[in-house]
Amino acid sequence: MLPAKVKIVEVGPRDGLQNEKEFVATEVKIELVNRLASAGLQNVESASFVSPKWVPQMADGAAVMAGIERRPGTIYSALTPNLRGFEAALDAKVDEIVIFGAASEAFSQKNINCSIAESIARFEPVAKAAKEAGLRLRGSISCALGCPYQGDVPIEAVVDVVQRMKALGCDEIDIADTIGVGTAGRTRDVMAAVSKVFPRERLSGHFHDTYGQAVANIYASLQEGIEIFHASVAGLGGCPYAKGATGNVATEDVIFLLNGLGIKTGVDLDQLVEIGDFISRAIGKPSASRVGRALLAKKRDGAASCV
Ligand code: HMG
Ligand code: MG
């Protein structure tokens, strides 16, 4: 049986925008976060407190967090690779700290410049500090379905990092398909394996849509009882350390799927389509959401036929 409701973690303002070459104005980022929260997204990944040399686009994280309106009940998350990032996130009053590692050694080196074991050691004080501050802690595991450098990633490697993140006290753990190579069968097997070592209701699917498989992978995950999915409005994004990887699955496409299945999300699809249009115009790129483009065209056709 599929879950009756699903939580969507909107990652467009962080994962989506981090890869944009042209700096996106802080005001645009703030408006994006505010509009997403108003559309009913309960968890918005809004910033990264990482080295600005590594990811310049996220350098204004503190200003974004200071500028947004806080909707009661909405969780505003930020990525923190180390204690320095954690302290900045704490000052910025984020609700959820995200530590991010990988199931592939090669990707760990490229993304955060250390081995998997070193990353876990680096996350330990961050996790401890987050718990002491009473903040939610989320762990993200890149390359859980394949790696741009190493290729196949054994399921045992994913299970091993899940166990290490569980030991750090993560409230939620993301199974991330960084380069979108996962297929439904592999996704099902990975989700089944990790749910044996971590409660499935606190696992999430974070699927990039490079190979067009993300919606199928979400369906496969739903069948495994997964209830949390990450998505990016207009399918924004890519990964600076995974060349050719496209954005996360578009939030509009996920909501359309879930609406069709009668699964509740609390997200208003009409508003989301407008937000997708807003951010696509702001960055000067067409929306990567099939649903967003189709619904917008329908709206415009409707308007044209009235003239
Ligand atoms: P490093 O170079 O190994 O470490 O970076 P470092 O400690 O020597 O620091 C280098 C410089 O960065 C120093 O500055 C530090 O002060 C500064 P310098 O002395 O050269 O002037 N620095 C910082 N500045 C601001 N905030 C900080 C911070 N830390 C150090 N927190 C480090 C190691 C992890 C910091 C670096 O590799 C980094 O920031 N990487 C960012 C990686 C990143 O953001 N990747 C994208 C997000 S992950 C992702 O998208 C995947 C995900 O979506 C899931 C999926 O799809 O797979 C989550
Ligand atoms: Mg990602």
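Residue indices begin at 1 and follow the sequence shown. Start at 1 and go down the list; that is how both ligands and their atoms are numbered.
- Annotation: Val55 places no N or O atom under 3.5 Å from an N or O atom of ligand 1; distance criterion only.
- Not a single N, O or S atom of His230, from either the backbone or the side chain, sits less than 2.8 Å from the Mg ion (ligand 2).
- For atom 30 (C) of ligand 1, the candidate residues are Asn82, Leu145, Leu79; the nearest heavy-atom contact is made by Asn82.
- At least one heavy atom of Arg122 lies less than 4.0 angstrom from ligand 1.
- The shortest N/O to N/O separation between Thr178 and ligand 1 falls below 3.5 Å.
- Taking a 4.0 Å cut-off on heavy atoms, Ser48 fails to register as neighbouring ligand 1.
- Salt-bridge check for Glu124 with Lys128: failed, with every basic side-chain N at 4.0 Å or more from each acidic carboxylate O.
- Within 6.0 Å of the NZ atom in Lys110, the count of heavy atoms belonging to other residues, nucleotides or ligands does not exceed 12.
- The shell of residues lying under 4.0 angstrom from ligand 1, judged by heavy atoms, excludes Ala144.
- Distances from atom 23 (C) of ligand 1 to the heavy atoms of Arg138, Gln18, Arg84 put Arg84 nearest.
- When all heavy atoms of Val194 and Val162 are compared, the pair lying nearest together is CG1-CG2, 3.7 Å.
- Any N or O atom pair closer than 3.5 Å counts here, and Ala176 shares no such pair with ligand 1.
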